[in-house]
Protein chains: 4
Amino acid sequence: MYSFESDYLEGACPEVLDKLIETNLLQTPGYGVDSWCEKAAQKIRETIGRQDCDVHFITGGTPANVLAICLLKPYEAVICAESGHINVHETGAVEATGHKILAVPGKDGKISADSIRKVCEQHTDEHMVKPKMVFLSNATEYGTVYTRKELEEIRKACTENGLYLYLDGARIANALCAQGNDLTLAKIAELADLFYIGGTKNGALLGEAMVINHPDLKPDFRYLIKQHCSMLAKGRIIGVQFFRLFEDGLYLKNADNANRMAQKLKKILTENGFRMYIDSPTNQIFPILDNSLIEKLREDYGFLTWAKYDEDKTVIRLVCSWATKEEAVREFGEKLAAYIKEK
Amino acid sequence: MYSFESDYLEGACPEVLDKLIETNLLQTPGYGVDSWCEKAAQKIRETIGRQDCDVHFITGGTPANVLAICLLKPYEAVICAESGHINVHETGAVEATGHKILAVPGKDGKISADSIRKVCEQHTDEHMVKPKMVFLSNATEYGTVYTRKELEEIRKACTENGLYLYLDGARIANALCAQGNDLTLAKIAELADLFYIGGTKNGALLGEAMVINHPDLKPDFRYLIKQHCSMLAKGRIIGVQFFRLFEDGLYLKNADNANRMAQKLKKILTENGFRMYIDSPTNQIFPILDNSLIEKLREDYGFLTWAKYDEDKTVIRLVCSWATKEEAVREFGEKLAAYIKEK
Amino acid sequence: MYSFESDYLEGACPEVLDKLIETNLLQTPGYGVDSWCEKAAQKIRETIGRQDCDVHFITGGTPANVLAICLLKPYEAVICAESGHINVHETGAVEATGHKILAVPGKDGKISADSIRKVCEQHTDEHMVKPKMVFLSNATEYGTVYTRKELEEIRKACTENGLYLYLDGARIANALCAQGNDLTLAKIAELADLFYIGGTKNGALLGEAMVINHPDLKPDFRYLIKQHCSMLAKGRIIGVQFFRLFEDGLYLKNADNANRMAQKLKKILTENGFRMYIDSPTNQIFPILDNSLIEKLREDYGFLTWAKYDEDKTVIRLVCSWATKEEAVREFGEKLAAYIKEK
Amino acid sequence: MYSFESDYLEGACPEVLDKLIETNLLQTPGYGVDSWCEKAAQKIRETIGRQDCDVHFITGGTPANVLAICLLKPYEAVICAESGHINVHETGAVEATGHKILAVPGKDGKISADSIRKVCEQHTDEHMVKPKMVFLSNATEYGTVYTRKELEEIRKACTENGLYLYLDGARIANALCAQGNDLTLAKIAELADLFYIGGTKNGALLGEAMVINHPDLKPDFRYLIKQHCSMLAKGRIIGVQFFRLFEDGLYLKNADNANRMAQKLKKILTENGFRMYIDSPTNQIFPILDNSLIEKLREDYGFLTWAKYDEDKTVIRLVCSWATKEEAVREFGEKLAAYIKEK
């Protein structure tokens with residue numbers, strides 16, 4: 001039984017685990033003010049190519065999103081695509097801090113500059129919330145990625161309307177490694193007021209790195225981390241992991257493996273005549289399969305059912321990670337071929 | 001340079017780390033519904049000696065406290081000692097969820113049944129919040145422990161006034177191992193409606209185990225964990241650690257080492273003529289030292305300044321952990337003796 | 001200059017004002033526990049025909065909605081039509097108490113049983129909020145009214161899914177007086193778990209009456225009123241007003257005048273060849289007018305622009321109230337005719 | 001039966017009621033942007049002697065306090081005396097918006113500059129909330145008033161520590177009229193960053209006027225008013241009342257009557273040998289009476305029991321208002337004398 005259910009099924013990637021083992025008995029101050037966190041932050045600043053950003057380590061993606069959004073004033077709201085993680089899959093964590101989410105229709109998980117402008121036009125007075133931030137994820141919840149042009153246009157719409165741009169980078173490395181991607185971490189850091197670089201889904205046990213560029217958003221951020229349950233006593237365990245991830249390109253190497261394995265799965269499926277529901281270039285793919293085939297596959301594989309396609313067909317999600325091996329993909333191809341033949 | 005600053009200076013204890021390494025590449029479902037979390041919960045239920053409690057794994061102590069208290073209705077309040085962690089050192093995390101803390105004077109960090117009753121008498125109508133929960137920590141923030149009689153009386157005061165009793169067990173193992181302690185985990189589980197067993201300060205990288213006994217507090221607790229940023233995608237890493245901690249008494253062994261080392265430090269200090277500010281039987285001690293001596297000690301040791309005692313003397317805090325070695329304690333004694341001699 | 005901008009442009013209706021004057025110097029206890037509030041509550045219970053409901057007086061409509069929804073647990077959400085007042089025009093007041101609004105497409109401001117069921121089907125686990133209440137307004141924000149059959153089906157969908165049904169009755173009297181209405185206050189009280197009867201828009205200076213039927217929602221409601229800024233020291237001024245409104249059918253008389261005047265306006269407009277954007281049988285009408293005509297009307301009348309219809313036409317909103325006089329309506333007709341003639 | 005229970009037992013003072021009657025049928029825009037609110041704001045600015053402040057009308061005292069404090073960032077806290085209204089009698093309304101109250105011991109309801117400094121010294125890092133505002137009430141909850149010197153020292157402590165100074169003026173007019181007072185509204189406006197002028201307890205049906213001086217606190221305040229349930233659709237009814245109260249000194253006249261009547265009661269009681277628990281120069285007095293006498297008085301008078309003094313004596317509270325008549329006070333004196341004689 002092998003699972004393609006998600007990219008957080010295993011623990012840490014070997015290099016990260018080794019670093020945790022190596023540093024395990026060192027004594028460091030608590031709560032993320034240790035030298036490993038500082039060294040990791042420095043590595044991230046170097047990768048981005050700017051020194052003027054604050055870097056904080058957070059326990060997970062939902063806390064990172066909550067922290068970014070609770071920088072807003074109580075009546076300020078965040079705009080996102082209807083499929084945005086904060087709108088659907090965070091149990092109202094954003095609203096729990098008092099902020100409204102203004103969800104707009106997206107395309108393949110992406111929000112457009114025009115839909116942002118439209119929301120701003122509609123929110124005109126104090127009887128309505130005041131839009132003040134745009135949330136987007138790259139790669140998106142559907143595995144798609146933003147082009148440089150799209151992100152620049154969104155930035156423009158934000159600037160026109162006095163909005164902060166926040167990017168959820170749970171799978172940012174997968175976006176950066178995707179075929180056709182024309183964004184860099186440096187470019188993202190230039191366009192976004194703040195964003196996070198995901199660790200959990202790219203080889204860490206846990207942890208995300210929040211990068212804050214806009215000077216108004218920097219002060220007192222550690223107060224918010226602590227207040228919102230996202231500061232670890234042994235904060236160094238996130239610092240150590242990010243230090244290692246950014247040491248020799250491991251961060252991109254992990255994501256690249258995840259993407260390549262997923263794209264191989266896609267190729268196998270396409271060659272067997274199956275279509276994709278969404279055309280994702282990253283580590284999540286969404287094939288449309290016959291229900292009978294899905295039943296067969298379930299005997300050997302774990303994966304999520306994504307959506308009903310029609311009476312006979314269903315969309316499933318297959319996800320690869322740093323841990324996915326070539327042989328697992330090859331074996332999947334063989335079993336698939338066998339199932340089809342049987343039929 | 002050696003630090004007695006806290007009990008979260010190192011990573012995981014070796015046994016726990018080994019278990020993390022051993023299980024690292026296994027595939028498990030995310031978000032704490034894996035078999036390791038279930039097995040760890042089962043070990044805890046066995047240790048407590050009851051099967052009817054829910055066990056959840058949380059990222060840290062502040063989140064655990066926040067989650068317990070946000071089980072209350074918006075106008076319901078929690079009573080605690082003025083020195084309570086939630087009242088002082090959690091950046092208003094409890095108030096951030098909308099609940100008032102009713103802080104009452106304590107004695108050596110402990111709250112009394114009478115002070116609970118007094119608060120309830122004073123809160124009589126809808127112009128005031130409604131007391132509904134008592135928070136206490138054992139061991140307390142001052143390292144002291146509750147006796148069985150004290151806890152039973154507090155339970156009585158809670159029952160009389162319709163209050164839930166919640167126990168913060170960040171250092172519950174240190175309490176259980178303390179000389180003079182007459183409580184057991186089973187007894188605590190009988191008296192408290194919910195409590196958490198601390199992992200972070202007792203050998204885990206991170207993580208606490210919330211035990212819920214009162215049936216009214218059980219439903220939908222996972223919704224709160226997720227909403228309050230305290231659920232890990234790779235939830236199994238807390239389950240694995242607690243499984244190991246409760247496998248063969250490791251949990252108590254770790255705390256016992258911490259207590260014994262601290263008590264040795266205390267003995268050394270006492271023999272050298274120093275008094276304790278608070279008489280703690282656990283892993284935190286609070287000697288009153290001459291300012292000049294403190295300056296000397298700072299050259300070789302890390303520790304917290306706790307309070308000014310008088311013009312010449314200051315109270316410091318020394319903390320030991322599972323990682324503190326005999327030689328570190330012995331060396332501290334030797335250095336102390338040398339300093340005194342010098343003078 | 002005469003305004004049809006809303007139904008809260010004047011102070012109190014004369015009968016209500018007289019009662020305020022008459023009772024002005026009486027001494028009563030504060031905060032809504034006086035005899036006038038109790039007598040008003042009793043009148044409402046008699047009108048509804050049931051004694052087992054709690055009645056509370058609240059300062060306004062937004063507070064009433066907030067109070068109803070913050071009866072939910074933190075992770076529980078409220079379903080409403082996208083056009084729902086809570087979703088659009090309350091500056092995120094509901095989210096400010098921590099609750100997510102699940103907005104679904106409506107038809108003419110109305111929500112359907114099927115859309116409720118669909119939301120419930122989609123919210124299946126603790127990664128999403130838990131739907132627990134349905135919000136609807138009757139009359140709706142578009143002036144439309146629910147039929148008995150529609151409300152019974154919504155009730156059924158609520159019962160099937162364990163949802164509370166909450167009805168915002170800011171204009172409930174207008175709904176009850178509308179032509180074609182087949183609901184009664186008694187029937188509404190039977191179907192809704194809680195609802196409020198609007199005072200502000202039907203002849204009072206301020207104030208709404210919250211009626212709570214479901215026993216689980218009754219306890220401690222006054223704590224919430226106080227905590228959410230909605231309790232007046234001189235609470236009796238709302239009680240006095242509702243007492244008078246429910247004394248001799250004044251409540252329906254006021255609404256009936258508002259509806260009749262609006263329908264006369266509609267008739268005038270229709271006879272002059274204009275169409276309605278939404279066919280509302282209550283005190284708000286939404287004619288589609290030529291932009292040039294609107295400009296003309298603006299010289300003599302106040303009203304809201306509702307929506308752009310096409311390049312040449314715009315939807316406006318005209319609202320009547322208890323205070324609207326026949327002659328104002330007649331005059332409007334005359335001026336309209338004159339404008340058209342001119343052209 | 002006559003009641004001295006509070007200063008909000010009657011409706012509006014006659015002059016205010018007349019103005020409400022006079023303006024009742026005028027059509028005005030809703031939500032506090034009408035000409036009456038603007039004219040009332042202008043009158044207040046003139047009284048204060050500065051044009052650079054924003055004035056907003058709020059439904060009541062608890063909402064005013066909540067709105068002032070929710071200008072803070074989530075982790076910022078407000079310092080107040082333990083007896084402060086926000087700390088005791090607002091059902092946790094401040095905490096419900098997420099902010100911690102740092103309560104310090106006061107003297108006769110007053111907070112001192114030194115206690116403010118001490119709190120700031122103790123709150124040093126991100127594990128604790130960040131003190132950012134001082135709340136005080138003048139007159140206090142005990143009827144006492146601040147001297148100019150005291151308020152200037154508090155201002156100094158605020159400036160030193162980067163704190164906003166907020167003054168709850170529910171009974172500010174009583175403070176200004178008190179014998180020995182050396183503050184003016186202009187001086188208060190100079191020292192406080194924001195404060196409110198109470199209407200409810202000084203002749204209005206409801207309503208308070210928030211005055212904001214600090215430029216950082218002005219933007220978007222109406223968003224907060226709306227979001228926190230404190231904006232009336234018929235907002236003009238508060239504007240009208242404040243306009244009248246500030247038209248010809250009525251505001252001070254009302255308070256002066258309240259103070260004088262209370263001080264007459266005090267004189268009567270003192271002449272009969274009774275002592276005061278707190279020496280208040282305003283409209284609340286706190287005599288220490290024999291329990292048997294209190295029982296007698298209860299037959300003819302309403303008043304609050306304030307505190308147990310000893311086995312035989314109790315402190316009660318007597319409050320006068322704009323509505324208290326000389327004859328009521330004289331009669332109280334006569335009955336008191338009779339009771340004493342009887343005994």
Side-chain angles (χ1 to χ4, degrees), chain C residues 1-3 5-14 17 20-21 23-31 34 58-67 70 89-93 95-97 170 200-201 204-206 222-237 240 302 323, chain D residues 1-3 5-14 17 20-21 23-31 34 58-67 70 89-93 95-97 170 200-201 204-206 222-237 240 302 323:
Chain C
M1 186 74 175
Y2 190 85
S3 182
E5 200 173 312
S6 76
D7 34 16
Y8 43 77
L9 301 174
E10 292 88 1
C13 70
L17 188 63
L20 282 171
I21 296 168
T23 59
N24 186 56
L25 289 180
L26 298 178
Q27 288 192 317
T28 67
Y31 300 108
D34 60 277
I58 316 288
T59 45
T62 296
N65 293 338
V66 163
L67 288 166
C70 74
H89 279 110
E90 300 188 353
T91 321
E95 288 88 354
T97 68
T200 306
K201 289 169 179 161
L205 287 179
L206 81 162
R222 281 178 57 77
Y223 281 83
L224 288 175
I225 300 178
K226 176 76 180 180
Q227 189 180 60
H228 286 288
C229 302
S230 313
M231 191 183 276
L232 291 183
K234 298 181 179 173
R236 102 300 200 31
I237 62 171
V240 163
Chain D
M1 187 72 174
Y2 190 84
S3 181
E5 200 174 310
S6 76
D7 34 16
Y8 43 77
L9 302 174
E10 292 89 1
C13 71
L17 188 61
L20 283 171
I21 297 168
T23 59
N24 186 57
L25 290 179
L26 298 178
Q27 288 191 317
T28 68
Y31 301 109
D34 60 279
I58 316 288
T59 45
T62 295
N65 293 338
V66 163
L67 288 168
C70 74
H89 279 109
E90 300 188 353
T91 321
E95 287 89 354
T97 68
T200 306
K201 288 167 179 164
L205 287 179
L206 81 160
R222 282 178 57 79
Y223 282 84
L224 288 174
I225 300 178
K226 175 76 181 180
Q227 189 180 58
H228 286 288
C229 303
S230 312
M231 190 182 277
L232 290 184
K234 298 181 179 174
R236 101 303 199 30
I237 65 171
V240 163

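Throughout, protein chains are lettered first and strands after them, A, B, ... in sequence-line order, and every chain is numbered starting at 1. Side-chain atoms are counted along with the backbone in the values below, which use heavy atoms only and exclude waters and symmetry mates.
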Residues at least two apart in sequence or cross-chain that pass side chain to side chain donor-acceptor pair (under 3.5 Å) with C/T28, listed by chain then number, are C/R236
Below 4.5 Å from any heavy atom of chain C, which atoms of D/Q27 appear? Answer side chain, backbone, both or neither. both
Which answer fits D/S6, side chain, backbone, both or neither, if we ask what part of it has an atom under 4.5 Å from a heavy atom of chain C? neither
Atom pair CD1 (C/I225) and SG (D/C229), whose distance is rounded to the nearest 0.5 Å: 11.5 Å
Which one, D/L20, D/L232, D/T23, D/L205, leads in non-hydrogen pairs under 4.5 Å with chain C? D/L205
Locate the shortest heavy-atom distance separating C/A204 from D/K234; write the atom from each residue and the value. O-NZ, 2.6 Å
Using non-hydrogen atoms and a 4.5 Å limit, figure out which bit of D/L25 sits close to chain C: side chain, backbone, both or neither. both
Identify which part of C/I21 has an atom lying under 4.5 Å from any heavy atom of chain D, answering side chain, backbone, both or neither. both
How would you list, by chain and number, every residue that makes a ring pair (Phe, Tyr, Trp, His ring centres under 6.0 Å) with C/Y31, sequence neighbours excluded? B/H127, D/Y8
Checking C/N24 side chain against D/A12 main chain: does a donor-acceptor pair fall under 3.5 Å? yes
Taking C/A93's backbone N and O only, do any of them form a donor-acceptor pair with D/K226's side chain (distance below 3.5 Å, no angle check)? no
D/I58 versus chain C, the contacting section by heavy-atom distance below 4.5 Å: neither
Could you have a look at D/S3, D/A96, D/G60 and say which one has the most heavy-atom pairs with chain C under 4.5 angstrom? D/S3
For D/A323, is it the side chain, the backbone, both, or neither that has a heavy atom closer than 4.5 Å to a heavy atom of chain C? neither
Check each atom of D/L17 against the heavy atoms of chain C and say whether the ones under 4.5 Å are side chain, backbone, both or neither. side chain
Do C/T59 and D/L206 pass the side-chain contact (heavy atoms from CB on, under 4.5 Å) test, and can you show the C-alpha distance, the side-chain angles, and the key distance before you say yes or no? CA-CA 10 Å; C/T59 45; D/L206 81 160; 5.5 Å; no
Contacting region of D/A64 [heavy-atom separation from chain C under 4.5 Å]: neither
